Amino acid sequence: YIINKDEQLYVVVENLSSKLEAEYGPYNFSVEYLTFSPDGKKLAYKSFQDEDVFVAINGKVGQLYDDMPIQQSIYFSPDSKRIAYVIENHYSKEDDEGKIYWSTQSVVVDGVRDKEYNKVSNPVWSPDSKKIAYLAEKEGQKLLIINDKELAIKQYDALGKVVVPKEMLKLNRYPFSSLIFSPDGTKIGYGVRIDRELWWTIHSSANKLLAYLCPFYYLDSVVEAVL
């Protein structure tokens with residue numbers, strides 16, 4: 001938990017007997033996203049240095065970044081050895097009409113920043129901690145990223161036939177959901193949208209379609225899937 005001492009913030013770790021195990025700080029600004037690793041040995045959190053943000057692990061401050069998106073978190077791998085989170089990269093330039101601002105997003109995995117995209121989803125670890133996946137958007141194209149490899153998201157009609165890009169725009173199909181790995185890490189599931197209908201699709205780790213589920217749920221309902 002976080003305490004305030006003399007107008008500075010500290011992160012405190014206690015056991016269930018209220019015995020102090022660690023105290024990290026001080027920090028001058030907000031401390032957010034406190035996240036324990038699955039084995040309970042690491043505590044990661046976000047804080048600020050001047051106008052930049054960083055992720056600290058057990059008090060060790062990491063690299064500085066421009067920002068982290070709202071409603072994001074910090075994601076430890078199941079074996080507690082790896083870590084990932086989403087950052088924002090801010091840019092600006094001058095033109096005839098004044099200053100223009102824009103931003104991109106990247107996933108940071110084990111301290112290494114992946115490619116920049118217009119937007120990325122929450123990263124998801126495979127159960128064996130060897131793969132990490134997330135959805136990304138770049139110049140209007142939807143991508144599935146697995147271990148730095150970009151895979152185009154394929155869209156399908158009711159017979160499982162791949163829909164060409166022109167038809168995709170007509171049918172208004174987009175990925176709608178987070179990702180989920182199968183227990184053995186060889187398959188990945190995500191959803192696509194056809195107008196207001198939600199379909200779950202199941203793919204190999206190379207993004208080859210293995211199966212699709214199309215019970216015609218609608219966007220005003222909630223769909224969950226477990227592989």
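The shown structure was predicted, so the numbers you read here are calculated from the model rather than taken from an experiment.
- Using a 4.5 Å cut-off on side-chain heavy atoms (C-beta onward), V12 and I2 make no contact.
- Both I132 and L143 are assigned to one and the same hydrophobic cluster, defined by single-linkage of ILVMFWY side chains at heavy-atom distances under 4.5 Å.
- Residue I145 is grouped with residue W125 when hydrophobic side chains (ILVMFWY) are merged at heavy-atom distances under 4.5 angstrom, including chains of intermediate members.
- Using modelled atom types, no side-chain atom of N147 and backbone atom of A133 make a donor-acceptor pair closer than 3.5 Å.
- Side chains of Q105 and N118: a donor-acceptor N/O pair is absent below 3.5 angstrom, by distance only.
- Between V107 and V86, the shortest heavy-atom distance links the atoms CG2-CG2, 4.1 Å.
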Check: Can you list the steps and then say if Y45 with Y27 is a side-chain hydrogen bond (donor to acceptor under 3.5 Å, both in side chains)?
Finding: CA-CA 12 Å; Y45 49 90; Y27 304 106; 2.4 Å; yes
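- A 4.5 Å side-chain heavy-atom check between F29 and V53 finds every atom pair outside the cut-off.
- Both I57 and Y33 are assigned to one and the same hydrophobic cluster, defined by single-linkage of ILVMFWY side chains at heavy-atom distances under 4.5 Å.
- Under the 3.5 Å distance criterion, the side-chain polar atoms of D79 are left unmatched by any main-chain donor or acceptor of D128.
- Both I188 and L151 are part of a single hydrophobic cluster, where members link through side-chain heavy atoms under 4.5 Å apart.
- Follow the hydrophobic side-chain contacts under 4.5 Å out from V112 and you never reach I83; the two are in separate clusters.
- By the 4.5 Å heavy-atom criterion applied to side chains, K5 and I3 are counted as neighbours.
- Within the 4.5 Å cutoff, the side chain of D148 has heavy atoms near those of the D114 side chain.
- Test E150, E139, E137 against Y117 for side-chain contact (heavy atoms from CB on, under 4.5 Å) and you get one pass: E150.
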Item checked: Step-by-step salt bridge (Lys or Arg N to Asp or Glu O under 4.0 Å) determination, K46 to E32 -> CA-CA 5 Å; K46 163 193 169 183; E32 305 170 4; 3.3 Å; yes
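- Checking side-chain atoms of K42 against main-chain N and O of S80 turns up a donor-acceptor pair under 3.5 Å.
- Put simply, the side chain of E23 does not reach to within 4.5 Å of the side chain of V13, judged on heavy atoms.
- With contacts defined as side-chain heavy-atom distances shorter than 4.5 Å, the pair E51/H90 does not qualify.
- Looking at Y24 and V31, their side chains never come closer than 4.5 Å, going by heavy atoms from C-beta outward.
- Checked by atom type and distance alone, the side chain of S126 pairs as donor or acceptor with a backbone atom of K131 at under 3.5 Å.
- Counting heavy atoms from C-beta outward, I180 and V124 have side chains that stay 4.5 Å or more apart.
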Next item on the list: Report the C-alpha separation of N122 and S73 in whole Å, then their side-chain angles, then the decisive distance to 0.1 Å, and conclude whether the side-chain hydrogen bond (donor to acceptor under 3.5 Å, both in side chains) test is met.
Entry: CA-CA 8 Å; N122 297 342; S73 188; over 6 Å; no
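- In this structure, the side chain of S77 does not engage the main chain of S129 through any donor-acceptor pair within 3.5 Å.
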